[in-house]
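Since the structure comes first, as structure tokens, the remarks are kept for the end.
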Amino acid sequence: MAEALSGHGATGPAGEATAADRGWLGEAIGLSRRCPPSATAFAVGAVVVAGDGSLLATGYSREGSPYDHAEEAALAKLDPADPRLGGATLYSSLEPCRFRASRPRSCADLIIGAGLRRVVIAWREPPVFAPGGGAALLASAGITVVEIADLAPQARAVNAGLLRE
Ligand SMILES: [Zn+2]
């Protein structure tokens, strides 16, 4: 699957979103369209990219099991000892979860544990299935969180059936 994604180049500087960041986030949103449907969880896509623009892993909601989250699925494909993780960026169509019922570790916890230093998101988690707060938790751990809000409508559109708006 990784081969199907086009390269977008090196990830952006810490707090700014570049054209490459927008391209990689667009890939994450594209992955969210592959998720098996669910009435109780959002469809989310995630990609992890090294600082030099190498794609390290991809994931999407319910990729391998009904409980999989996108970020979790992507991080599970990585070697925790990979030295590139410290310079890698995780792109997710939705803010990583801070609270979850299905498994003990939230995606924000997993990202912190993986040693990533930068996360780029499109859409803040609305309080439909769980309270948000993942971005704040990441920031409190010293991780740079970049929000590209003008891509949020695309990430939301994939989940239109779950939203009452
Ligand atoms: Zn999650």
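All ligand and atom numbering here is 1-based and tracks the order in the structure. The basis for the numbers below is simple: all heavy atoms, side chains too, and nothing from hydrogens, waters or symmetry mates. Index from 1, following the sequence.
Salt-bridge check for E27 with R22: failed, with every basic side-chain N at 4.0 Å or more from each acidic carboxylate O.
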query: Do S65 and R103 pass the side-chain hydrogen bond (donor to acceptor under 3.5 Å, both in side chains) test, and can you show the C-alpha distance, the side-chain angles, and the key distance before you say yes or no?
result: CA-CA 12 Å; S65 113; R103 288 194 178 138; 3.0 Å; yes
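Distances from the Zn ion (ligand 1) under 2.8 Å pick out these protein N/O/S atoms: H69 ND1, C97 SG, C107 SG.
One distance of note links NE2 of H69 with OG of S61; it measures 7.0 Å at 0.5 Å rounding. Here the OH-OG distance, from Y60 to S32, works out to 11.5 Å after rounding to the nearest 0.5 Å. In this structure, T11 OG1 and R118 CZ are separated by 5.5 Å, a value rounded to the nearest 0.5 Å.
Counting only heavy atoms from C-beta outward, the side chains of I111 and V119 approach each other to under 4.5 Å.
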